[in-house]
Number of protein chains: 2
Amino acid sequence: MWAYTPLLLPSATMTTDSKANFRLSPCNATTLRMASRRLTQLYDAALEPCGLRSTQLAILSELAHWSADPPTLAELADALAIDRSSLGHNLRPLEREGWVVLGESAVDARRRHIALTSKGRAKWREAVRLWRVAQERFEYVFGRSEAASLRATLLGIAHHERLASLKD
Amino acid sequence: MWAYTPLLLPSATMTTDSKANFRLSPCNATTLRMASRRLTQLYDAALEPCGLRSTQLAILSELAHWSADPPTLAELADALAIDRSSLGHNLRPLEREGWVVLGESAVDARRRHIALTSKGRAKWREAVRLWRVAQERFEYVFGRSEAASLRATLLGIAHHERLASLKD
DNA sequence: TTATCTTAGGGGCATATGCCCATTATGCAG
DNA sequence: CTGCATAATGGGCATATGCCCCTAAGATAA
C-alpha cells in the first residue's frame, strides 16, 4: 500500500535496472501523461474482452448517467473535459458499432443530441464488470482512499477554468 | 492555492454552469486522462511559439540529460514510461526536423542509438524557457509543494511494475 | 555448426487528441 | 427584412499512443 505522499518514492518499488535510468521529471504535464499512459494500459487490458477502450467506456458511462435530455456534443465534451472535435472523432467508432446515435435537435438544427442505444447500454453494463477488476486491482495496490483523494485532485485540475488555457 | 487533499473539492472552483453537469467519475484512469488532457493543453499552448509539443520536449529533455551513451529505443522508452512503438512513432517528426539522429550501434546491429543534435539541443533550450512559464503558472495555482507531491505519486504509478499490466 | 529462441526495431492499423477552417444555423442590430 | 456576429458541428491534418506481426540479428542449445 502506498502513501499518498512523497514519503514512498517510486524508486523504492523499482528494479535496479530501471532505477539506473530513472529521472524524476519536473514537468507536471509530462508526469501526468506518463501515469495516464500506464494506467490506461491497465484498464484497457481489463476491458479488452468486451472490445471497449477506456475512453469509450468513459463516454458511454457519461451517457448512461446523464439525467437530462441527451446532451449535445458540446455539453458532453464539457462534462468529459475533452475537446469538442476530439469527442466528435471519438464518437465515430461508437456510432459505427451502434452503441450511440446522433439525433437531430428539434429546436436548433445545429445541435446533435447524443444518446445511448439499448445495445450500447448492454455493452456498457458488460464493460463495467470488467472495469471493476482493473479498478479494484489499482486500488488494492494504491489504496482506496488514496485513489479517491487523487481523483478529486485530478478532477480539480481537469475542470479548473484558470488552468484550462493560458488566457487570464 | 489548493490543498492536496479532497478537502477542496473541484466543485468549489467551478462555475455554476459546469457544475450542473459535473459527475465525479470514479474511474482512476479516466480522471488521470482528463487532467492529463487539460494540463497538456496548457503546456502545449505555452510551447507553441517554438514548435514543440509537450511529448516532444519530454523526449528532448530526457536525451539532453542522458548521462551515459546515447540510449537505444528500448532504454529511452523505458525511461519515459512509453511504449517502444509509440516512441518510435514520436521520434519520426523529431528526426525529420533534425533535432535527433538515430545512429547504428557498433556492437549490435539491431540497436539504434538516439542522440540529440546541436540543433536539437538549441531547440530544447529554447523550449525550456517557454516551458517554465507554463510550469510556473500551474504551480502558482496548484501550489509548488503540492505539485511536487503529485509528481512523485504519478511517477510512482508510471514506473510501478505491478501496475504496468494485469499479469501478476 | 546448425537449429532454435530471444531481442530490437519497423510498418501497418486503429483509436485518441486537438487545432484550424469551412459550413450551417441562430440571433441580433439596423 | 437584411447583414453581420456568434454558436455548433464536421472535415482535414498532424501528432500521440499502443497493439500486432514481421524481419533482422544476436544468443544459445544440440
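A, B, ... follow the sequence lines: proteins, then strands. Residue 1 opens every chain. Note that the structure is predicted; figures quoted are calculated from it, not measured.
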Worksheet entry | Closest-nucleotide 5' rank along DNA chain C - winner of Ala109(A) and Ile82(A) |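 Closest to the 5' end, via its nearest nucleotide, is Ile82(A).
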Response to the item:
Between Gly88(B) and Pro93(A), the residue closer to the 5' end of DNA chain C by nearest nucleotide is Gly88(B)
[X] [atom1] to [N] [atom2]: how many Å, rounded?
X         : N       : atom1 : atom2 : value
Arg84(A)  : dG18(C) : CZ    : P     : 12 Å
Leu32(B)  : dT17(C) : CG    : C1'   : 16 Å
Leu57(A)  : dA16(C) : CG    : P     : 11 Å
Glu75(A)  : dA7(D)  : CD    : P     : 15 Å
Glu104(B) : dA25(D) : CD    : C1'   : 13 Å
Arg37(B)  : dT17(C) : CZ    : C1'   : 8 Å
Leu76(B)  : dA16(D) : CG    : C1'   : 15 Å
Gln41(A)  : dA14(C) : CD    : P     : 20 Å

Fill in: Rounded distance [0.5 Å steps], OG1 in Thr31(B) versus NE2 in His159(A)
10.5 Å
Fill in: Quiz item: Arg110(A) side-chain donor-acceptor pair to dA7(D) base, under 3.5 Å
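Pair found.
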Worksheet item: Does the dG12(D) base have a donor-acceptor partner in the side chain of His89(A) within less than 3.5 Å?
Response: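 It does, because a donor-acceptor pair links the side chain of His89(A) to the base of dG12(D) below 3.5 Å.
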So what does [X] touch, heavy atoms closer than 4.0 Å: a base, only the sugar-phosphate, or nothing?
X         : value
Thr55(A)  : sugar-phosphate
Asp108(A) : sugar-phosphate
Thr40(A)  : nothing

Worksheet entry | Pairwise 5' ranking along DNA chain D for Arg53(A) and Ala74(A), keeping only the more 5' one |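 Closest to the 5' end, via its nearest nucleotide, is Ala74(A).
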Judged by modelled atom types alone, do [X] and [Y] share a side-chain donor-acceptor pair under 3.5 Å?
X         : Y         : value
Ser61(A)  : Trp124(A) : yes
Arg112(A) : Ser105(A) : no
Gln135(B) : Asn28(A)  : yes

Less than 4.0 angstrom between a side-chain N/O of [X] and OP1 or OP2 of [N], yes or no?
X         : N       : answer
Arg112(A) : dG10(D) : yes
Ser86(A)  : dT17(C) : no
Arg96(B)  : dT15(D) : yes
Asn90(B)  : dT17(D) : yes

Worksheet item: Any Lys/Arg nitrogen of Arg151(A) or Glu139(A) sitting under 4.0 Å from an Asp/Glu carboxylate oxygen of the other?
Response: yes
Discussion item. Any carboxylate oxygen within less than 4.0 angstrom of a Lys/Arg side-chain nitrogen, looking at Glu97(A) and Arg92(A)?
Written reply: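 Between Arg92(A) and Glu97(A) there is no salt bridge, as every charged N stays at least 4.0 Å from the carboxylate O atoms.
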Discussion item. Quick check for you: among dA25(C), dC20(C), dG10(C), whose closest atom lies nearest to any side-chain atom of Ser85(A)?
Written reply: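 Ranking dA25(C), dC20(C), dG10(C) by closest atom to the Ser85(A) side chain puts dC20(C) first.
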